[in-house]
Protein chains: 2
Amino acid sequence: MSEEKRAKDQLKAHIRAQNEKLILEAAERVFARQGLTKTTTQMIADEAGLPKANIHYYFRSKKDLLEAVLGRILALWLNSVSQFKYEDGPKACLTRYISEKIEQSQNHVNASKVFAMALIGEEPYVLEYLREYFVGELKKESETIERWVEDGLMKPVPVEHLFISLWAMTQTYADFDAQVKILLRTPELDDEMYDDAKSFIKRMVFAVCGIDD
Amino acid sequence: MSEEKRAKDQLKAHIRAQNEKLILEAAERVFARQGLTKTTTQMIADEAGLPKANIHYYFRSKKDLLEAVLGRILALWLNSVSQFKYEDGPKACLTRYISEKIEQSQNHVNASKVFAMALIGEEPYVLEYLREYFVGELKKESETIERWVEDGLMKPVPVEHLFISLWAMTQTYADFDAQVKILLRTPELDDEMYDDAKSFIKRMVFAVCGIDD
DNA sequence: GTCTATAATGGGATAGAC
DNA sequence: GTCTATCCCATTATAGAC
């Protein structure tokens with residue numbers, strides 16, 4: 001009997017995990033397309049191919065669902081960008097960082113937009129995360145950069161403003177892709193355009209840091 | 001009689017102009033704080049100190065009101081940034097451009113946020129404007145830069161990406177000020193911080209363009 | 001031109017049958 | 001765990017008195 005129960009529980013857990021994933025992915029797409037408030041649970045249900053009541057079965061409220069979506073994005077953000085390693089030196093680390101950030105914009109447009117919307121709307125959930133994790137990350141990176149500066153591997157730069165600029169320049173290709181497409185006169189951004197963005201941003205950053213290109 | 005009528009009309013026009021301005025300014029603030037969709041006409045009415053029906057008297061629909069707000073912002077955007085002049089040279093023009101863009105972020109935080117929200121939400125009204133005016137502006141600036149490059153006053157740069165980066169770096173201080181404040185560990189952005197941003201962005205741009213600082 | 005009261009709609013959430 | 005039907009509330013918009 002207890003074995004039968006365990007099997008049932010496993011099945012239930014599996015169904016739950018599968019449906020939650022389905023809903024979260026559908027929600028991310030709809031939130032990105034429609035904006036956080038304009039999005040209705042009905043739209044998410046339609047996108048997921050489920051009746052609306054099921055959305056509320058898996059996520060108590062729309063707010064809970066949004067926070068779950070944001071949670072996935074924030075975890076992704078934290079894991080998809082490498083930390084600086086002193087031994088690798090500024091050129092390799094900055095190259096990798098810029099490449100990864102642009103690739104993030106390229107491969108996770110929806111996630112980036114939802115994050116941007118939440119940030120511009122000052123969602124407490126996102127601000128809390130920034131305070132908790134991002135400030136700490138930045139501090140580590142700053143210390144590495146300062147050692148590079150001391151050791152004459154690069155010129156001194158205001159580290160906070162450098163990172164603010166790096167995020168702005170890389171994420172703008174996802175968040176404001178509509179504007180970018182208009183300016184580049186293209187219906188879609190292709191690999192070459194992202195590569196051009198990467199190269200240009202690297203050139204700027206290397207130039208200001210006094211790193212030979 | 002016709003004179004009396006004219007006087008009345010003038011008064012009416014004055015009242016209309018005054019109230020429209022009051023509503024537009026209130027709406028910009030609320031749209032920036034709450035987001036475009038979360039904002040209700042009731043909130044705008046409260047912010048303006050008027051009953052809700054008056055909002056609809058002056059602006060048929062919420063959509064009309066949003067477009068009127070965006071219209072003011074777009075006009076401001078177009079007028080508050082100087083065009084490049086060949087004779088002034090790259091250093092003076094880029095300096096002025098960056099300063100003006102940062103000052104725009106500093107002095108019109110709400111306008112910048114509403115614009116960003118409309119852009120991320122791909123409001124047709126804003127996209128149309130970008131296609132109509134911005135692409136043309138950019139083309140003029142590109143031509144000037146290309147002449148500077150030909151005449152050896154600066155190194156060649158991919159002009160579209162340069163402008164995308166310039167807008168991203170300068171507007172991020174308004175649009176994502178919540179993030180900037182967290183990273184700079186400050187409750188409010190002060191003049192000194194905006195000056196630091198200006199200096200750093202100028203350094204980056206001069207460096208990549210090969211202009212002596 | 002101003003304002004109260006209300007119509008009309010749409011959306012979040014849930015009860016309860018299956 | 002799924003889904004239909006429904007409740008309830010917030011919101012846009014307007015009618016109509018002043």
Side-chain angles (χ1 to χ4, degrees), chain A residues 4-31 33-70 117-118 121 123 125, chain B residues 4-27 29-31 33-70 117 121 123 125:
Chain A
E4 198 177 314
K5 188 176 179 301
R6 227 181 303 129
K8 247 188 200 168
D9 283 357
Q10 267 192 355
L11 180 62
K12 274 195 189 179
H14 179 69
I15 291 177
R16 170 165 283 273
Q18 208 168 12
N19 280 333
E20 279 183 356
K21 189 160 174 269
L22 180 72
I23 295 169
L24 286 167
E25 286 172 358
E28 185 182 286
R29 286 193 297 275
V30 183
F31 278 134
R33 271 206 304 274
Q34 298 285 340
L36 307 187
T37 316
K38 211 173 172 186
T39 294
T40 66
T41 51
Q42 184 64 62
M43 290 174 194
I44 296 171
D46 292 347
E47 177 86 17
L50 292 172
K52 183 168 63 127
N54 291 29
I55 308 299
H56 281 94
Y57 174 73
Y58 286 101
F59 298 92
R60 197 166 305 276
S61 67
K62 188 183 163 187
K63 186 167 167 287
D64 281 6
L65 175 51
L66 172 60
E67 293 189 356
V69 170
L70 288 172
M117 289 168 176
E123 286 281 332
Y125 187 87
Chain B
E4 200 178 310
K5 187 177 180 304
R6 226 181 302 131
K8 247 188 197 166
D9 283 356
Q10 267 191 358
L11 180 62
K12 274 195 187 177
H14 181 69
I15 290 177
R16 171 164 281 273
Q18 210 168 12
N19 279 333
E20 279 182 356
K21 190 162 175 263
L22 180 71
I23 294 169
L24 286 167
E25 287 172 357
R29 285 193 297 275
V30 183
F31 278 133
R33 273 206 302 274
Q34 298 284 340
L36 307 188
T37 316
K38 210 172 170 186
T39 294
T40 67
T41 51
Q42 184 64 62
M43 290 174 192
I44 296 171
D46 291 346
E47 177 86 17
L50 292 171
K52 185 174 56 140
N54 291 31
I55 308 299
H56 281 95
Y57 175 73
Y58 286 101
F59 299 91
R60 198 167 305 274
S61 68
K62 189 184 162 186
K63 186 167 167 289
D64 281 8
L65 175 52
L66 172 61
E67 293 190 355
V69 169
L70 287 171
M117 288 168 178
E123 286 280 331
Y125 187 87

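The sequence lines fix the lettering, A, B, ..., with proteins before strands; numbering per chain opens at 1. These numbers come from a predicted model, not from an experiment.
- Taking atom CG of residue A/Leu66 and atom C1' of nucleotide C/dG12, one finds them 15 Å apart after rounding to whole Å.
- A/Lys12 places its NZ atom 11 Å from the P atom of D/dT2, with the value rounded to the nearest Å.
- Residues satisfying the side chain to side chain donor-acceptor pair (under 3.5 Å) test with B/Glu20, not counting sequence neighbours, are B/Arg16.
- In this structure A/Lys38 satisfies the salt bridge (Lys or Arg N to Asp or Glu O under 4.0 Å) test with no other residue, sequence neighbours excluded.
- For A/Lys21, the salt bridge (Lys or Arg N to Asp or Glu O under 4.0 Å) criterion is met by A/Glu25, not counting sequence neighbours.
- We find that CD of A/Gln34 is positioned 15 Å from C1' of C/dG10, with the value rounded to whole Å.
- Using a 4.0 Å cut-off on heavy atoms, none of the residues of residues 16-25 of chain A approach DNA chain C.
- When rounded to the nearest whole Å, the span between CD of A/Gln10 and P of D/dG1 equals 14 Å.
- When the salt bridge (Lys or Arg N to Asp or Glu O under 4.0 Å) test is applied to A/Glu47, the partners found at least two apart in sequence or on another chain are A/Arg29, A/Arg33.
- A/Ile55 has its CD1 atom 13 Å from the C1' atom of C/dG12, to the nearest Å.
- Residue pairs meeting the salt bridge (Lys or Arg N to Asp or Glu O under 4.0 Å) criterion with at least one partner in residues 49-60 of chain A, sequence neighbours excluded, are absent.
- At the heavy-atom level, B/Tyr58 lies under 4.0 Å from the strands shown only through sugar-phosphate atoms.
- Every residue was checked against the side chain to side chain donor-acceptor pair (under 3.5 Å) condition with A/Asn54, not counting sequence neighbours, and none meets it.
- Scanning for side chain to side chain contact (heavy atoms under 4.5 Å, CB included) contacts around B/Tyr125 gives B/Glu67, B/Leu70, B/Leu74, with sequence neighbours left out.
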Each nucleotide of nucleotides 3-17 of chain D classed B (base within 4.0 Å of a protein heavy atom), S (only sugar-phosphate) or -, in 5' to 3' order, makes BB------SBBB---
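- Under the 4.5 Å side-chain criterion, counting only non-hydrogen atoms from C-beta, B/Phe59 is in contact with B/Leu24.
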